[in-house]
Structure formats: C-alpha cells, structure tokens
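Data first, discussion second: the structure below is written as structure tokens.
Computed from heavy atoms alone, side chains included, the values below leave out hydrogens, waters and symmetry copies. All figures in this text were calculated on a predicted structure; none of them were measured in a lab.
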Amino acid sequence: MGSDIGDIVSRESVSFSDMQNRTVAIDANNTLYQFLSIIRQPDGTPLKDSGGRVTSHVSGVFYRMINLFEEGIEPVYVFDGKPPQLKSKTLDERRKIRENSKEKWKKAKARGDTEEAYSQAMRSSKLNRDMVAESKELLRLMGIPCVQAPSEAEAQAAYIVENGDCWASSSQDYDSLLFGTPILIRNLTITGRRKIPGKDRYKEIKPEKIVLEELLNKLDLNREQLVDLAILVGTDFNDGIKGIGPKTALKLIKEHSSGRKVLEVKDIEIENYSEIREIFIEPEVTDEYDINPSDIEWDGVVEFLCEERDFSEDRVVKGLDRLEKAVNELRHQTTFDSF
DNA sequence: CACCTCGA
DNA sequence: TCGAGGTGG
C-alpha cells in the first residue's frame with residue numbers, strides 16, 4: 001500500500017490534546033478498508049446484519065466518529081475518485097492477493113486454524129461501492145462533511161490542508177506527504193492496542209504526527225526530491241528498483257540531486273517516470289469542496305443503524321448521547337473562541 | 001476497532 | 001480497579 005518510505009520518515013507521537021479543536025481530513029477509503037479488515041470475529045467473519053450485508057465498516061465509522069468528537073477533533077471525510085490509469089497494475093495485484101487469501105481463509109477456517117483464518121480474512125477484504133455509499137450515508141446523517149476527490153483522496157486531502165481549510169490529513173499511508181500535505185497524522189485511533197498476528201502479544205499504537213517541512217529539513221531534500229526518492233523505492237504507480245530501499249535511495253538522491261540523474265547514472269529506466277512524478281507534484285484536485293459540518297439527523301442515525309442494520313438500540317442511543325454531549329461542547333467552545 | 005464483562 | 005478475552009451485527 002502506498003510507497004514504502006516509512007523507514008526514513010521521522011515520526012513524533014502526538015497527544016489528543018494537541019489535536020483538540022482541529023479539523024482533520026481523513027482518507028476515507030483507507031479508513032473504511034481498515035475497519036473492514038479489522039472489525040471481525042476471531043475466525044475472520046465480518047459483522048453482518050440479518051440480511052447478510054457486511055456492517056463492519058458502518059460500526060467502525062459510528063464509534064470512531066463519536067470518539068473523535070469526544071477528543072474535540074472535527075473530521076472531514078475525503079473519498080477516492082477515479083484511480084489514475086497507472087495504478088491499474090497495482091489494483092490488479094491487490095485483487096489477485098485478495099482472491100488467493102479468500103481461499104486460504106476458507107481452508108484455515110475449515111481446519112479450525114482461527115489465527116490463520118483471521119489473518120487471511122483481513123487480507124481478503126474488499127471495500128465495494130455499496131460499502132462506500134453506506135458509509136457516506138451514515139456520515140451525512142451524523143453531520144460529517146464528505147468531500148469527493150476527482151482522483152486520489154490523499155491528493156485532495158493534502159490540497160485541503162495546504163489551503164488552510166483543515167489542520168492535518170490522516171491516513172496510514174505515507175503518500176499524503178508526497179502529495180504535499182503539510183501535516184500527516186497516522187494511527188488516529190483511541191484504543192491504542194493492536195494484536196500482533198500470530199503472537200499472543202499486543203503492540204501499543206499511538207497517534208503520530210509528521211510535519212512535511214520538518215521531514216524535508218531533516219532529510220535535507222525538497223519535496224520533488226522526496227517524490228523522486230519514493231519512485232526509486234516504488235509507489236502504487238511503479239515497481240521499485242531491485243536493491244534500492246529508502247536508505248539507499250536517499251543516499252543516491254543526495255549524491256546526484258535528482259531522480260532523473262540517478263536513473264541516468266545507474267542506467268536504469270522507469271516506465272512513465274514523468275507521468276508518475278506529475279501525479280504527486282501536480283495532482284488532480286478540485287476546489288469544489290465543502291468542509292462545513294451539517295446538522296445531525298438523530299432519528300435518521302437510529303433508523304439507519306437499528307432498523308436497517310440490526311444495531312442494538314441501546315448501544316446506538318448510548319453512542320448518540322455521547323455524540324450530543326461532545327458536539328455541544330465542541331461547537332460551544334468554537335462559538336466562545338470566536339468572540 | 002471499540003465496548004462490555006468477568007475474574008484476579 | 002484493571003486488563004485479558006469475548007462480542008458486536
């Protein structure tokens with residue numbers, strides 16, 4: 001997923017108080033996919049309503065949004081548009097992996113290997129159109145603004161942050177930095193624990209912040225050079241060069257000052273090099289976005305979750321109580337501050 | 001993922 | 001009171 005430059009990106013952990021009263025542009029498809037793959041039964045079966053429709057993503061959106069509001073964070077969801085043509089190979093590969101994992105999941109489940117079943121089920125998850133539409137509907141009912149990107153959501157989110165309309169963008173991938181987001185937040189989760197697959201241990205997951213300018217200063221690169229570096233290592237739009245990881249790529253870029261020069265000296269060719277660079281440096285984005293929250297349709301949320309998706313009314317009402325309190329406090333503070 | 005329960 | 005483990009849909 002995305003480009004593999006994590007090794008050279010210095011992260012600092014960020015507390016929720018640092019994010020209070022701030023707007024965050026969330027990479028919607030990335031987040032929904034995360035929910036879909038993680039919110040499962042121990043054997044890998046996703047949550048489903050009585051009609052057999054998967055509801056893991058819906059559950060994830062509902063609870064995560066309440067928690068963010070309670071932390072004083074205003075979310076904006078940014079959805080992917082049409083993927084660039086150059087991504088089709090990556091998307092094809094992902095589809096093959098999913099199909100393969102689906103088989104492995106069935107087999108593991110059949111022989112009672114729960115651990116393996118869960119991990120294969122995660123890999124086999126596919127976010128489909130209906131799931132995206134359902135999530136948008138719930139977000140709309142919860143008053144959360146949704147932005148439709150013309151192409152890559154991370155590019156649009158970066159643009160929104162650059163324009164000063166959001167404080168930071170949030171995604172698990174580092175690509176947002178290549179698209180130029182001034183601030184990237186990773187692991188925007190509350191319960192900071194994730195099971196290590198195959199082991200009986202848990203890993204602490206904490207939100208982390210990456211400031212693009214600080215990163216570039218530290219690496220002593222400009223943004224174009226960072227993009228060049230990522231392309232050498234590999235992105236969603238090209239395979240990396242064998243034997244070149246982020247550290248070697250960093251050294252090479254510094255030595256030769258540009259990716260093109262590195263390719264020239266090393267006599268390597270990367271197909272569609274200019275086009276890939278352009279995707280990151282001049283991404284396709286739109287100015288037609290609205291990040292203003294709308295009124296929460298309380299009854300609509302209950303109807304959507306309880307009547308249509310079999311959520312327990314108890315839980316939903318409890319959640320909405322928390323949401324109401326959190327939103328009142330957040331909006332009250334905002335009004336207070338503006339005087 | 002986040003919530004809830006139950007046992008130490 | 002806390003945290004591991006089960007459940008939600």
- Query: Between A/Asn100 and A/Arg123, is a side-chain hydrogen bond (donor to acceptor under 3.5 Å, both in side chains) present by the stated rule, with each step listed?
  - Reply: CA-CA 9 Å; A/Asn100 193 252; A/Arg123 290 160 171 248; over 6 Å; no
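Near DNA chain B, meaning a heavy atom under 4.0 Å away, there are no residues from residues 45-59 of chain A. Near-neighbour residues of DNA chain B inside residues 300-324 of chain A, defined by a heavy atom below 4.0 Å, number-ordered: A/Lys318, A/Arg322. Less than 4.0 Å separates DNA chain B from no heavy atom of any residue of residues 128-137 of chain A.
Side-chain contacts under 4.5 Å among hydrophobic residues (ILVMFWY), followed directly or transitively, place A/Val78 together with A/Val76, A/Val147, A/Tyr159, A/Ile160, A/Val285, A/Tyr289, A/Ile291.
A salt bridge (charged side-chain N to carboxylate O under 4.0 Å, His left out) check over residues 210-231 of chain A, counting only residues at least two apart or in different chains, returns the pairs A/Glu224-A/Arg277, A/Asp228-A/Arg277. Each ring-ring contact (aromatic ring centres under 6.0 Å, His included) pair with one or both residues in residues 20-65 of chain A, not counting sequence neighbours, would appear here, but there are none. For residues 204-252 of chain A, the pairs satisfying ring-ring contact (aromatic ring centres under 6.0 Å, His included) are A/Phe237-A/Phe280, with sequence neighbours left out. Within the structure, no pair that satisfies the ring-ring contact (aromatic ring centres under 6.0 Å, His included) test touches residues 85-104 of chain A, not counting sequence neighbours.
Going from atom CG of A/Leu32 over to atom C1' of B/dC1 covers 13 Å, rounded to whole Å. Nucleotide B/dC3 holds its C1' atom 12 Å from the CZ atom of A/Phe62, rounded to whole Å. Rounded to whole Å, the distance from CD on A/Gln41 to P on C/dG5 is 17 Å. Rounded to an integer number of Å, the gap from OH of A/Tyr118 to C1' of C/dG5 is 13 Å. Protein atom CG of A/Leu138 is 14 Å distant from nucleotide atom C1' of C/dG9, rounded to whole Å. Following rounding to the nearest Å, A/Met65 (CE) and B/dC1 (P) show an atom-to-atom distance of 13 Å.
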Could you pull out all donor-acceptor pairs under 3.5 Å where a side-chain atom in residues 249-256 of chain A meets a protein atom, sequence neighbours excluded?
residue: A/Lys254; atom: NZ; partner: A/Leu219; partner atom: O; Å: 2.9
residue: A/His256; atom: ND1; partner: A/Leu252; partner atom: O; Å: 3.1

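You'll find that the side chain of A/Pro42 is closest to C/dT7, out of B/dC1, C/dT7, C/dG8.
A donor-acceptor pair is defined here as one N or O able to donate and one able to accept, closer than 3.5 Å; such a pair exists between the side chain of A/Ser258 and the backbone of A/Lys261.
Here A/Glu162 pairs with nothing under the side-chain hydrogen bond (donor to acceptor under 3.5 Å, both in side chains) rule; sequence neighbours left out. The side-chain hydrogen bond (donor to acceptor under 3.5 Å, both in side chains) check on A/Asn272 picks up nothing, with sequence neighbours excluded. Judged as a side-chain hydrogen bond (donor to acceptor under 3.5 Å, both in side chains), and not counting sequence neighbours, the contacts of A/Arg94 are A/Asp236.
Within the 4.0 angstrom heavy-atom criterion, only backbone atoms of the sugar-phosphate kind lie near A/Ile190; the bases stay farther away.
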